[in-house]
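Quick notes on the structure that follows.
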Amino acid sequence: MKAKKFNLFDILIIITAAVIIAGFAFRAEIKSMFFSDEGSYFLVNVQVTFLENGRASTIKEGDDIYDANGKKLGTISSVSSTPSKDIVTIDGLDREVLSTRCKDVAMEINMRGYIADGVYYTKSGIQLLLNDAITLETDTLSFSGRITDVRKVALPESKD
């Protein structure tokens, strides 16, 4: 039997496969070649519901916010909280009452990132899509919230 020799077509297939694999392995570096580190500045509104009162009180304006991997995303520029609404049954009727143990927290976060194909991304590559869940951390707390608004601002409001 003869051993098959590589032809030009075989070599092109191997090179194409290697480029695709390298593209997945080094996508962050490739992305940084096309998107400058300067990026854009965003104001991102996040709503956290049913956060225990003690935990809610630890979220303060000026706190740094990190992603689940510990990379800094931005700084909280404003925070407000209201009592959560619970459903309780009184005399067989469901009624909505204000919770004495949980709060809903709304915060606005200054972030730096970039826009690609009309989608907002953090510097670390997290997509910022409306109504998506996002996990965030401060120095003392980890929580999940829902993105309620993302908008680009002309001038940086923080020094990330």
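Remember, it's a predicted structure, so these values are computed and weren't measured experimentally. This chain uses plain numbering: 1 for the first residue, then up along the sequence.
Between Val119 and Leu129, some side-chain heavy-atom pair lies under the 4.5 Å cut-off. At least one side-chain heavy atom of Ile134 sits under 4.5 Å from a side-chain heavy atom of Leu128. In this structure the side chain of Ile90 never reaches within 4.5 angstrom of the side chain of Leu93, judged on heavy atoms. The shortest distance between side-chain heavy atoms of Thr75 and Ile109 does not fall below 4.5 Å.
Here the side chain of Asp67 pairs a donor or acceptor atom with the backbone of Asn69 at under 3.5 angstrom. Looking at Asp104, its side chain does come within 3.5 Å of a backbone N or O of Phe50 through a donor-acceptor pair. Ser99 contributes no side-chain N or O that, together with a main-chain N or O of Asp86, makes up a donor-acceptor pair within less than 3.5 Å.
Hydrophobic cluster membership differs between Val46 and Tyr66, with clusters built from Ile, Leu, Val, Met, Phe, Trp and Tyr side chains linked at under 4.5 angstrom. Hydrophobic clustering (side-chain heavy atoms under 4.5 Å, transitive across Ile, Leu, Val, Met, Phe, Trp, Tyr) keeps Leu51 apart from Val97. In the hydrophobic cluster analysis, where Ile, Leu, Val, Met, Phe, Trp and Tyr join through side-chain heavy atoms closer than 4.5 angstrom, Leu98 is grouped apart from Val105.
Taking each heavy atom of Ser78 and Glu61 in turn, the nearest pair found is CA-OE1, 4.0 Å. The two residues Lys72 and Lys123 come nearest to each other via the heavy atoms O-CE, 4.4 Å. In this structure, Asn7 and Phe9 approach most closely via the heavy-atom pair OD1-N, 3.0 Å.
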Practice item. Show your reasoning for whether side-chain contact (heavy atoms from CB on, under 4.5 Å) applies to Thr49 and Arg146. Key: CA-CA 9 Å; Thr49 56; Arg146 184 178 53 85; over 6 Å; no
Exercise for review: Test side-chain contact (heavy atoms from CB on, under 4.5 Å) on Ser124 and Leu73 and set out the steps.
Suggested key: CA-CA 8 Å; Ser124 60; Leu73 295 177; 3.7 Å; yes
Exercise for review: Could you walk me through whether Val88 and Asp94 pass side-chain contact (heavy atoms from CB on, under 4.5 Å), step by step?
Suggested key: CA-CA 6 Å; Val88 296; Asp94 287 341; over 6 Å; no
Exercise for review: Give the C-alpha distance, both sets of side-chain angles, the deciding distance and a yes or no for side-chain contact (heavy atoms from CB on, under 4.5 Å) between Ile76 and Ile65.
Suggested key: CA-CA 7 Å; Ile76 298 175; Ile65 291 289; 3.6 Å; yes
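Not a single salt bridge (charged side-chain N to carboxylate O under 4.0 Å, His left out) links Arg95 to another residue, sequence neighbours left out. Residues passing the ring pair (Phe, Tyr, Trp, His ring centres under 6.0 Å) test with Tyr120, sequence neighbours excluded: Phe42.
Atom NZ of residue Lys60 and atom CG of residue Asp139 lie 13.5 Å apart, to the nearest 0.5 angstrom. Here CG of Asn110 is found 11.0 Å from CG of Asp64. Values are rounded to the nearest 0.5 Å. A distance of 8.5 Å separates CD1 of Ile126 from NZ of Lys71, quoted to the nearest 0.5 Å. Between atom CD1 of residue Ile21 and atom OG1 of residue Thr16 there is a gap of 11.0 Å, rounded to the nearest 0.5 Å. Atom OG of Ser80 and atom NZ of Lys103 lie 10.5 Å apart (nearest 0.5 Å). With rounding to the nearest 0.5 Å, the separation of CG in Asp149 from CG in Asn131 is 10.5 Å.
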Sequence neighbours excluded and cut-off under 3.5 Å, please list the side-chain donor-acceptor pairs for residues 52-59, or say none.
| residue | atom | partner | partner atom | Å |
| --- | --- | --- | --- | --- |
| Glu52 | OE1 | Arg55 | NH1 | 3.3 |
| Asn53 | ND2 | Thr100 | O | 2.8 |
| Arg55 | NH2 | Ser142 | O | 2.6 |
| Ser57 | OG | Asn53 | O | 3.4 |
| Ser57 | OG | Gly54 | O | 2.9 |
| Thr58 | OG1 | Arg55 | O | 2.6 |

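Judged purely by distance below 3.5 Å, without hydrogens or angles, the side chains of Asp63 and Thr138 never pair a donor atom with an acceptor atom.
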